[in-house]
Every structure is written in structure tokens, then in C-alpha cells.
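Keep in mind the model is a prediction, meaning the values are calculated, not measured. In each ligand, atom 1 is the first atom listed, and ligand 1 is the first ligand listed. Residue indices begin at 1 and follow the sequence shown.
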Amino acid sequence: MPEPLIEKYRERLSLEPGDPVVTMNEGSTPLIEAPVISERVGASVYLKLEGVNPTGSFKDRGMTVAVSRAKGAGAEAIICASTGNTAASCAAYAARAGLRGVVIVPEGRIAIGKLAQALIHGARVIALRGNFDQALEIVRELADRHPVELVNSVNPYRIEGQKTAAFEVCDELGPPDALAIPVGNAGNITAWWRGFQEYEVAPVLYGFQAEGAAPLVLGRPVAEPETIASAIRIGNPARWEEAMDAVTASRGRIAAVSDEQILDAYHLLASREGVFCEPASAASVAGILAHGLPAPEDREPPRSVVCVLTGHGLKDPDTALTKAPSVIGCEADTEAVEREVFKDD
Ligand code: F0G
């Protein structure tokens, strides 16, 4: 049985000795080779499958630590704003810890699988007539006014937990030359960089935002962010400065990818690498395909790159169905089925 990340990396996490461990054995996710993408970019590309975590995204790494601490501190309720994955993770860990879970999501703008998760785990789900940035502002205020623990990535324990993904890659592969990662609220890129720093390594960071939701690329907040990648539809990232500091320190860059580039990478991953991730996750692969692997002047171009695939494709079946070929209807008759099976495309 895989060891929960809190046990595996306990001395590197800042939990209190008496904190209970609220876990579903998150972490220890697969790191796999991507031969087709490697060939296209001219380097060894590895995919870190964070969709294999208990609720299907990397959020569980942070949530196990944040909820363990909240429970240790005597909290009775946890709350978050979310584009979907944090909501699903918050709801699941609240259920497991015996806490009340409350999630605020932008109305009609989160993938259906994530909504189903938040509801079935018993969280109170509030659909805001507004966007993620407004939802985050509101939950920050509520957490100030009421004894409820905020579990967005502004919570330091979320970052602590998420940095373990960098430890795992270094432990398994050794430090890669570069890391490609989608960026929304900018917590995860901050966490990976912290993990690398604690291991005293410094891969080049490539952070990718969707073109219609690219505040870090534009250098100013985006009032009405828009992209097919709903998970990263964020116009004013909470960890803006830390993310930019990390990218600068690593001598990497933040760049934008179009929805078309994201969907092409999403489809390529599914159809050629056998990996089904959600659209936001595919931004990491779309980014290196579109922008290559730029290196600082005094460094060789990266030979090994890890792309973080942040969430599972099953989260968002609607997008998959719009991108995939149609099903073929057929009568229950062997000859009819035979014709369809062996028909040339
Ligand atoms: N990929 C996925 C699948 C996500 O759900 C998120 C963020 C990101 C990438 C970006 O990570 O915000 O740390 O830069 N999702 C949050 C949520 C905002 O509410 O689920 P980030």
C-alpha cells in the first residue's frame, strides 16, 4: 500500500505533532514517459499523472495537510472558492474528517464531474453569479468573520502538501532540467518551486496560462477571464508575486497558449499517449509544443522535462465528447455489426 505523503515526508511538512492524519493515500502518482511528445520537442518528456490522486487532481496533496492541521486545531468547518477541483477535494476531505464542507463555485462554469463530486460528498455547494476571483474574495472575508478554515491555496498548508510532488519527481527520476505546469491561481507552481528549493535543485520553470486568462503574461489582472480550460479560468491569481519570483529565480518563463492549442494537446495526449487529462492540464504540454524549451543563455537546452498533468480527464466528460468522434449506432445483428467493425474510415 502506498504510504500517505504526510508519513513519507513528515519531517519536511510543518504539521504539529498532535495533528491527526486525514488521508486517503494521496501522492505517489505515476511518472510516465511520453514518447510521441518527446519526439516532437526533442527532449525526454515525462508526464506526472496527478489525476491519479484520490479525488482526481493534485489538490489532494494540499488538502490532506490543510485538513489534518484544521482538524488538529479544532476546526468544525472548512470553506473554499473553486473552479471545481479544490471544491471536490475539500468536499471529500471534509467528509472523511467529519467536518462541514462549504464550496463556492462560479455558477454554470465548472466541469460536471467536479460538481457531482462536491455534491455527493455532502458539501454545501453555493453557485455564485460571478467568477472565481470574486468567489475567492468573498470566502476570504467570510473566513475572517467566522470560525471556518479557508482551504484555498492561500492556506500555507496547501502549499506544504503540494510541494511533495517535486520531492517525488526528484526521488524517482532525479531533478529534471525543466518543469512545465499550468497556472491558474498560482499556488501549484509556487509549491513545486518550494519543493525543488528544499531539495536544492533548480529546474527551469515553464508556467502556462490560457490566452483568455493570462494575467501573469499580460502583467495585469483580467476582469473577465475566458477559456475552455475552466479549471484555470482565473483573472487575478492569489499567489501572483510568489509565482513570478519562482519563474524568475528558475530563469524560466510564463507564456500563454490558445484554447485551440490546449485542445490539440489534450487530444494528442489521449489519442497518442493513452493519457486522459482535463483540458487545463493539457496546457503544460500545449505550452512546450507551442513555445519549445527555451534555455537561459549559459545553459544547455533542457534534455528532460516533466509536464504536470494536474487533473483527470473524467472530470470533464463534456469537453471530451465535443472533441471525440461520434459513436456508431447499429442493429443487433452480426452481419450489420461486422460491416461497421471492418468498414474503412
Ligand atoms: N490544473 C487544474 C486541473 C486545476 O484545477 C488548477 C486549479 C490548476 C491547474 C492551476 O493550479 O491554481 O495552483 O495555479 N484549480 C483551482 C480550483 C483554482 O479551484 O480547483 P493553481
Side-chain angles (χ1 to χ4, degrees), residues 29 48-53 55-63 66 79-93 103-106 109-111 113-115 117-118 123 125 128 131-136 139 150-155 158-159 161-163 165 179-195 205 207-210 213-216 225 227-240 242-244 246-247 254 257 262 265-266 276-287 307-316 319:
T29 55
K48 181 72 169 156
L49 304 187
E50 290 291 275
V52 177
N53 276 296
T55 77
S57 85
F58 71 95
K59 306 288 180 178
D60 298 339
R61 291 183 185 275
M63 208 57 72
I79 192 169
C80 69
S82 180
T83 57
N85 280 323
T86 303
S89 187
C90 166
Y93 283 81
V103 308
I104 321 278
V105 299
R109 309 303 304 270
I110 77 168
K114 304 173 188 179
L115 186 62
Q117 287 178 286
V125 179
L128 193 77
N131 61 29
F132 169 84
D133 302 289
Q134 293 167 308
L136 184 59
V139 292
L150 184 60
V151 294
N152 278 104
S153 60
V154 292
N155 179 320
R158 279 277 313 276
I159 303 298
Q162 286 170 212
K163 76 184 179 187
L179 182 86
I181 185 168
V183 177
N185 210 24
N188 209 29
I189 192 169
T190 301
W192 275 82
W193 182 243
R194 187 183 298 172
L205 298 184
F208 297 111
Q209 300 203 289
L216 300 182
T227 165
I228 182 92
S230 58
I232 52 171
R233 198 183 280 143
I234 293 175
N236 192 10
R239 291 201 181 254
W240 184 309
E242 281 154 288
M244 292 315 291
V247 169
I254 296 270
V257 281
I262 289 174
Y266 170 74
F276 188 24
C277 66
E278 63 173 288
S281 307
S284 58
V285 170
C307 291
V308 188
L309 298 188
T310 45
H312 203 289
L314 290 171
K315 296 266 190 179
D316 185 2
T319 303

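- For the pair Gly311 and ligand 1, the shortest N or O to N or O distance does not fall below 3.5 Å.
- Scanning the protein for heavy atoms near atom 20 (O) of ligand 1, the closest one is Thr86 N, 2.8 Å.
- Protein heavy atom in closest approach to atom 16 (C) of ligand 1: Lys59 NZ, 2.8 Å.
- With hydrogens left out, the protein atom closest to atom 5 (O) of ligand 1 is Asn85 ND2, 2.8 Å, a heavy atom.
- Of the protein's heavy atoms, Ile232 CG2, 3.6 Å lies nearest to atom 8 (C) of ligand 1.
- In this structure, the side chain of Ser153 does not engage the main chain of Arg158 through any donor-acceptor pair within 3.5 Å.
- Leu205 has its side chain out of reach of Ile181: every pair of non-hydrogen atoms, C-beta onward, lies at least 4.5 Å apart.
- Under the 30°/60° scheme for interplanar angles, the aromatic rings of His312 and Phe276 are found to stand perpendicular.
- Looking only at heavy atoms of the protein, atom 13 (O) of ligand 1 is closest to Asn188 N, 2.8 Å.
- Ser89 places no side-chain N or O within 3.5 Å of a backbone atom of Thr86 that could act as its donor or acceptor partner.
- Contact annotation for Ile234 and ligand 1: only side-chain heavy atoms (C-beta onward) come within less than 4.0 Å of the ligand.
- When side chains are defined from C-beta on, Ile232 does not count as touching Val183, because their heavy atoms never get closer than 4.5 Å.
- Listed by chain and residue number, Ile104, Gln134, Ala135, Ile138 satisfy the side chain to side chain contact (heavy atoms under 4.5 Å, CB included) test with Leu128 (two or more places apart in sequence, or in another chain).
- Counting only heavy atoms of the protein, atom 4 (C) of ligand 1 lies nearest to Ala231 CB, 3.6 Å.
- Ligand 1 has an N or O atom lying under 3.5 Å from an N or O atom of Ala186, backbone or side chain.
- With a 4.0 Å heavy-atom cut-off, ligand 1 is reached by no atom of Arg239.
- Contact of the Lys48 side chain with the Thr29 side chain is registered, since non-hydrogen atoms from C-beta on lie closer than 4.5 Å.
- Residue Asn185 places at least one N or O, backbone or side chain, under 3.5 Å from an N or O of ligand 1.
- The main-chain N or O of Asn236 is found under 3.5 Å from a side-chain atom of Asp133 such that the two form a donor-acceptor pair.
- Protein heavy atom nearest atom 11 (O) of ligand 1, with residue, atom name and distance: Phe58 CZ, 3.5 Å.
- Taking every non-hydrogen atom of Ser82 and a distance limit under 4.0 Å, the qualifying atoms of ligand 1 come out as 17 (C), 19 (O), 20 (O).
- For the pair Gly184 and ligand 1, the shortest N or O to N or O distance falls below 3.5 Å.
- Closest protein heavy atom to atom 1 (N) of ligand 1: Thr310 OG1, 2.7 Å.
- Between Gln117 atom CD and Asn85 atom CG the span is 7.5 Å, to the nearest 0.5 Å.
- When atom types are taken as modelled, the side chain of Arg233 and the backbone of Ala213 share no donor-acceptor pair closer than 3.5 angstrom.
- Looking at ligand 1, you'll find an N or O of Thr83 within less than 3.5 Å of one of its N or O atoms.
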